[in-house]
Structures are given as C-alpha cells and as structure tokens.
Amino acid sequence: LRGGRGSGGHGSLDKSITLPPDEIFRNLENAKRFAIDIGGSLTKLAYYSTVQHKVARVRSFDHSGKDIENEPLYEISVQEEITARLHFIKFENTYIETCLDFIKDHLVNTETKVIKATGGGAYKFKDLIEKKLGLKVDKEDVMTCLIKGCNFVLRNIPHEVFAYQKDSDTEFRFQTNHPNIFPYLLVNIGSGVSIVKVETEDKFEWIGGSSIGGGTFWGLGALLTKTKKFDELLQLASKGQHTNVDMLVKDVYGGAYQTLGLSGNLIASSFGKSTTADKEFSKEDMAKSLLHMISNDIGQLACLHAKLHNLDKIYFGGFFIRGHPVTMRTITYSINFFSKGEVQALFLRHEGYLGAIGAFLKGAEQDNPNQYSWGENYAGSSGLMSTSPDVYPMQRTRSGTFDMLEMDRLERPLVNLPLLKDPSAYIPDTVDLTDDAMARKYWLTCFEEALDGVAKRAAASQPDSVDALERAEKFRQKYWNKLQTLRQQPFAYGTLTVRSLLDTREHCLNEFNFPDPYSKVKQKENGIALKCFQSVIESLDSLGWEERQFALVKGLLAGNVFDWGAKAVSDVLESEPQFGFEEAKSKLQGIGRSVVEGPPHKCALIFADNSGIDIILGVFPFVRELLSRGTEVILACNSGPALNDVTYSESLIVTERIAAMDPVIQSALREEKLLLVQTGSSSPCLDLSRLDKGLAVLVRERKTDLVIIEGMGRAIHTNYYAALKCESLKLAVIKNSWLADRLGGKIFSVIFKYEVPCK
C-alpha cells in the first residue's frame, strides 16, 4: 500500500505506507458499512464485513441394515461459513488520503451510500472523504458516539477496564466487568474537559466540564518548551522532576503541616519556584509541572462530580490519555488524593476507538447490533500500548502506528450463569500471569515449545489440501509473534492467563482455516470408547452401592486423563496406541475414599471436557447414576471445537448411540430428564459469565442445585475459586508436572473439590 506526495492542501509529507494491506484493512472487499472518527492527529476507521471461513461439521451416518463394526461413527466435513466481523483501525491523519485511496480501490460489496462521521476532523475532511469514497458524510454528535462506544466495549470485552498502578509490579490492574455497567461517569479530556453521567444506554447528561484540558497542556507546553508536538511534550514530562519548579508544602513550612494533615511533599503552588528562583528551568521539569497542574485540576473537578452523584468509578478517555503512562499516573494520583481513595480512576484498553464504535453503531441501528454478543478476535487485534506484532520495526519507522481491533459476532447471546454467587466479584481465571512472573515465564515457554507440534497437527488434519503446510506455517509464525509480544507486554490483551493463551491459539488456528485439527482423532476415539461402553456399565452394575460410587468417580477421573492438550498425555497416546481406560486408572495419584450418601439433587449441570473415553466411559456412567437416583441432568458441551474437547454436535451423535444401548439413557432422553445443551464457548477453558443464554434459561427452569465442572482447563485453570449459590464439584487430573509440583503433588494427581455454599 503506497501513496504519492500530499496534495489538495492536506500537507506535503511522504505518505508511503509499507505495510501489507491485508494485515491492516482486512476483509475490505466484503465491507458493508463504514464509520469514521477523525481527531486532531489520529483517524479511527470502523467497518462491518462478512468473513468466509471454514468450519468443521459432523453428521451421523445412516447405519440401518449395515454391519457398522468397522464403519466410522459419523461423517466429518469442512464447510464454508459466513460470519460477521467488526474492524476498527487507528492511524495517523498523515496517511488519511492514501488510506482513502486504498479503501476506494478495494470496495466491492459495500451496501451503503453513507459514511457516519464524528470528531472535529469530520468537518475538516468531509469534502475529501466524499470525493475519494463517493459516500455521503453523515456527521454524528461526538459525545453521543463516545458513550455508545463506551457502553459497547464495557459489555463485550471482559478485560477492557484497568486501573493504572505505576509503582506496583503490575502497572495495569484489569477489572472484572460488572453485569450492570450503569451508572458511571465518563470524563473525556480533549482540548477541554467534558464530564458526562451515563445512567442507561440512552440516558446520559453533560454535568460539567472545564476549559483547562489537553489543549491547555499542549498550548502552554509549546510556549514554555518550544515543543509543538503533544507526544513530545509528554516525553519531556516523563523525564522531568516537578519539584524543581513547584513549591511544596515543606518549602513553605519547612516540613509537613501536621495541624492540617498535609504531607511535606504536597504541591503548595504550581510553578511557585519560578517566581523566587533566579535560574533557568529545564523543559522537562516545566512540562512535568504543567502536567501535574492540569491533572490535579481535572482530578479535583471529576471527584467533586462523582461525590455529588454518588459514583465511585470514573472512566477517563480522550487524546490527553491515549494510553500514555505519564498522564494515567498523574490522573490516578489526583483522583486518589482528592477522593481519599473512595473513587477509582479507570481507563479503557480501547478508549481510542470509542468514537468510531459509537458512530458505527449509530449507522447500524436498524440491525440492532446490541442484540448480539461480540468477542475480541485476538488473531487480528493489536495489543494495548503496542502496534500490531506483525508489523516489524523497520516498517514501523516509515508507517507510523497502525492499531487494529477486530470483534467477531457470536452466534448466540452470552449471559452469566444464574448460579454464580456474586457475578460482579466472579473472576474466571485461577492465576494471573501478568502478576506472577515465574508462572508467566513457564507458560509462555510451554506454549512456544508446543507450537511446532500444533502446527504439524493442523497440517496433518487436512491431508487433501494443497496449501495446508503453507497455512500451518503462517499460523505458527502468527502465534509465535503473539507470544513474543506477550513476553514484552503481558498486559497487551488484558489479564494474561492460561485461558487467554489457549484462546489466542484457537483464534490463530481459525484465522488460517484450521477449524478442528483434532476432528479425526475425536472421531476415532469416540468410536473405540462406544465399543467398551456396555462392558463398563455391566461391571459397574455388578458392584454394591459404595463400591460403585468409588468406581464411578475413579472412572470419571481416569477419563479425564485423555487430554491431547497436555503434552505428558499426548506423548503417551502417540507412543502407546494401546493405552486405554484401565491404564489411565493405574496412572491416577492420591485417591482416597470416603463415600457418604445424601439426598438426590433436583437437577445437575455438568460441563463436559474431552471426547472419547472421557465423555463416554467417564461422564456418561456418572450421568446414568444421577438419573437412576431421580436427578435430572443438563449436559453442557462446547459450541465449537477446541483441542479434543467434545462439541455439542458430537455429543448429540454419541448420546444417540449410547441411548440405543442403554435403556436408562434412552428413557431419560425421551422424558427430557437428560438435556444436551451448548455452552456458547469454543475454548478449552470456561468463563461462567459468558454462557449461552439458552443454557442459563434452562438452569433456572430446572431449578439446578448441583454444578459439576470437569477438566484442567475448566476446573483448575479457570473456576477453581468460583463461588456458586448451590453445591458444586470440581474435578480434574493434573497432567502437567510443573503445575503438579507447584500444587504440592505429583503428575496425574487428582483434584476432587466438593463445595457446599454457606447458608
């Protein structure tokens, strides 16, 4: 993507962009609708596109009248599917003309004749946009767009909000999204300051502001330091020492003013020393003093409004913030000081996109995008405080900064599990790798070392594809780049966890059309396990009650050994093809026994893990026992594939075959006492705050009083500390030696955590 020299009165800089266009303006040929937010220095483009990608489908064979002994259990096919994606791109205004030319050349299927526009630059560049794109510019109110954009990211991006803590080990402390995002205070610091109270999606009011804002810092800074670029001023400020310019309390009183409880290091007079000292002050010190003066003014004003309206959270945005550590630090300090810690200064990972998102939503109201749930696509998004990891430093020098955010529309709306004890306090992940340096180093290395094997598995899953090896290598390189970004900036995509590393890998696999690398492995293992089902049931039925309960639990845990995502297991499964259910039982470590019979539960919700032996010989005998006790069962499986985890569509076929062999399962299906549902997830882990709405409805209707979560990803990496309103059982086998050692056990030790909520 390359443009010539500037023309048309918008500058004469060389506007060459040396980035691969497909990495920036992705899926542009399928763009349907546009919006743009043009500020003083940055342009944010938003567009909706349709994305064609491959999905794995399974379909049951018609086995009637056939000898099915050697037939596959079901048919696997890879089909094309079209989904919706939102693209947001941020770039310097320097490149706007070249970018518009590129967009015009690649617009093929756009449905709109209008482009929604917001920001001050929407007026300045209106004629240029209409001329280049042939679209009518429809300008939208800036503040309305910011608020709509803010509501959207707060709802759809779990790790969107963070507090900034400069002097702690983790600078970015990400917050748990509250199920109810309202009310909140939004402080937008542009040239001036606007303070808005947001009460609902459509109800908000401007409650205050100030003419002393980012423009003041920029203007006065230019006068004091002769520096005319905003970012250069912030660079100067970051190196300065404000105490060389500001008069402190101790400069006035010789120490702390204890009577009033004032610290000696508190600023008594901004720039106070400039009136008494007969010397020149450095540009750095003056810039830092100016930054403190303006931040303190904004902080005090914001705190007063927060107190007045009984709000304890303030979201800050605008070009004054823009992810700059020095501005976030001074704003945070100011809010903490004036509120005495009662009000929290919060920032947004994607605050630079709010206007563009809001303008897009204004133009898409007839499609009602808020009725859907959306998820951040890590494969196509840049991280916080970084450019795209696919853009190399040499290219970056010439192109400036291009940041991207991509959001995929999910098939079904996602909601909280109704049984969460306190949804606002729920944190899915057990370990924060952003905070735990030792664990972060281990897991990043672990994922790096596994990468070649994953790429090899992906290529092998599509033997008839001529470009499978090429795509697998592109996947490997993309995920490797993501891992290197996370080594340098572990906060790039929010709180870094094992779950986010796994999900990023799945996103990258899907990006290069590897929707289900383990599909044939699952097909084979499901078929083998089904042949053993009746003999396992006969063995269990021959036992007395207490022995049977112990055998059921041991079988449930042994089944969970069969996890291709764990290297210790995949090595065994590849080297020992005969390794089976009984061998897995012998691997288990640390099993004691204490069996107490309690009253039957009304309904149990079970989150299943792996295909094959796990679900068929481990989970289903356990399900059968619950049904025999009069307990209804909701069996929840992934909506989409991840590793060798069982999917909802696979579970339907497996259950149908088991029902043909077992009257208990057959009767439960017929009477709707056994219900199969999808979780809404395509992850090896489990976020109980983002589950399929249909599952949540069913949990309420059936008065579910027991939740069983199985597997390392769902019960250890996530949800180990999840507090529920009802009884719960979290169980898994530790299949990673480092993790087992950290937990004080051995590899293949078991976790069996039964919890009863406090009354």
Side-chain angles (χ1 to χ4, degrees), residues 26-27 29-30 32 48-61 72-87 372-381 406-414 454-455 457-472 474-475 478-479 502-526 564-565 608 610-611 636-654 676-685 690-692 694-695:
R26 288 153 45 94
N27 304 307
E29 67 280 3
N30 294 317
K32 306 296 183 186
Y48 160 91
S49 74
T50 53
V51 181
Q52 192 169 23
H53 61 97
K54 295 185 186 300
V55 293
R57 301 287 188 208
V58 296
R59 185 170 64 88
S60 183
F61 283 120
L73 176 61
Y74 48 78
E75 178 186 15
I76 303 170
S77 62
V78 176
Q79 301 173 9
E80 296 288 340
E81 183 177 84
I82 295 176
T83 57
R85 180 174 290 173
L86 298 180
H87 303 258
Y372 301 102
S373 290
W374 300 79
E376 182 176 3
N377 176 20
Y378 296 136
S381 297
E406 291 185 358
M407 303 282 290
D408 288 329
R409 192 177 77 190
L410 307 180
E411 289 185 15
R412 303 164 75 88
L414 304 181
V454 176
R457 166 74 59 184
S461 71
Q462 297 179 6
D464 299 327
S465 172
V466 294
D467 65 344
L469 284 172
E470 180 185 351
R471 285 186 287 112
K474 286 181 178 178
F475 150 73
K478 182 129 191 170
Y479 189 56
L502 285 164
D503 289 351
T504 302
R505 188 170 70 184
E506 293 299 321
H507 291 185
C508 291
L509 281 166
N510 279 300
E511 191 68 30
F512 295 100
N513 281 321
F514 293 108
D516 193 358
Y518 290 85
S519 58
K520 290 184 171 58
V521 172
K522 291 186 290 181
Q523 179 194 46
K524 179 181 177 182
E525 292 185 348
N526 283 331
W564 281 86
N610 305 303
S611 285
C637 302
N638 264 11
S639 297
L643 296 171
N644 67 314
D645 292 1
V646 63
T647 65
Y648 170 69
S649 55
E650 291 162 352
S651 74
L652 293 175
I653 296 171
V654 165
L676 275 62
V677 296
Q678 52 186 308
T679 62
S681 171
S682 299
S683 170
C685 297
R690 286 172 68 81
L691 290 177
D692 185 272
L695 168 57

On a heavy-atom basis, which atom in [X] and which in [Y] lie closest, and how many Å separate them?
X	Y	result
A642	S683	CB-C, 3.8 Å
A472	A459	CB-CB, 3.9 Å
V646	A608	CG1-CB, 4.1 Å
L86	W374	CG-CZ3, 3.5 Å
D645	P684	OD2-CA, 3.3 Å
T647	C637	C-CB, 3.9 Å

Heavy-atom distance under 4.5 Å between the side chains of S611 and E525, does that happen here?
no
Check: T83 and D408 side chains under 4.5 Å, non-hydrogen atoms:
no
Do any N or O atoms from the side chain of D516 and from the backbone of A56 form a donor-acceptor pair under 3.5 angstrom?
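Such a contact is absent between D516 side chain and A56 backbone.
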Tell me whether S461 contacts the main-chain N or O of A458 through its side chain, where contact means a donor paired with an acceptor under 3.5 Å.
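Here the side-chain-to-backbone pair exists.
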Please step through side chain to side chain contact (heavy atoms under 4.5 Å, CB included) for the pair L73 and V58, ending with a clear verdict.
CA-CA 10 Å; L73 176 61; V58 296; over 6 Å; no
Quick one: list whatever passes side chain to side chain donor-acceptor pair (under 3.5 Å) with [X], sequence neighbours left out.
X	answer
N513	none
S49	H87
T50	none
N638	R714

Mind checking the [atom1]-[atom2] spacing from [X] to [Y]? Nearest 0.5 Å is all I need.
X	Y	atom1	atom2	value
E506	T504	CD	OG1	10.0 Å
R409	Y372	CZ	OH	4.0 Å
R85	M407	CZ	CE	11.5 Å
N377	N510	CG	CG	8.5 Å
E511	K474	CD	NZ	11.0 Å
F514	Q462	CZ	CD	5.0 Å

With sequence neighbours left out, write down each residue that passes side-chain contact (heavy atoms from CB on, under 4.5 Å) with [X], or none if nothing qualifies.
X	value
L414	S373, L410, R690
D692	R412, Q678, L695
R57	V55, S77, Q79, E81
V454	F475, R505, L509

Taken in chain and number order and not counting sequence neighbours, the residues that satisfy ring pair (Phe, Tyr, Trp, His ring centres under 6.0 Å) with Y648 are none
Check this for me: does any side-chain nitrogen of one of R26 and E406 sit under 4.0 Å from a carboxylate oxygen of the other?
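Judged by the 4.0 Å cut-off on N to carboxylate O distance, R26 and E406 do form a salt bridge.
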According to salt bridge (charged side-chain N to carboxylate O under 4.0 Å, His left out), who are the partners of [X], at least two apart in sequence or on a separate chain?
X	answer
K520	none
E650	K522
E411	none

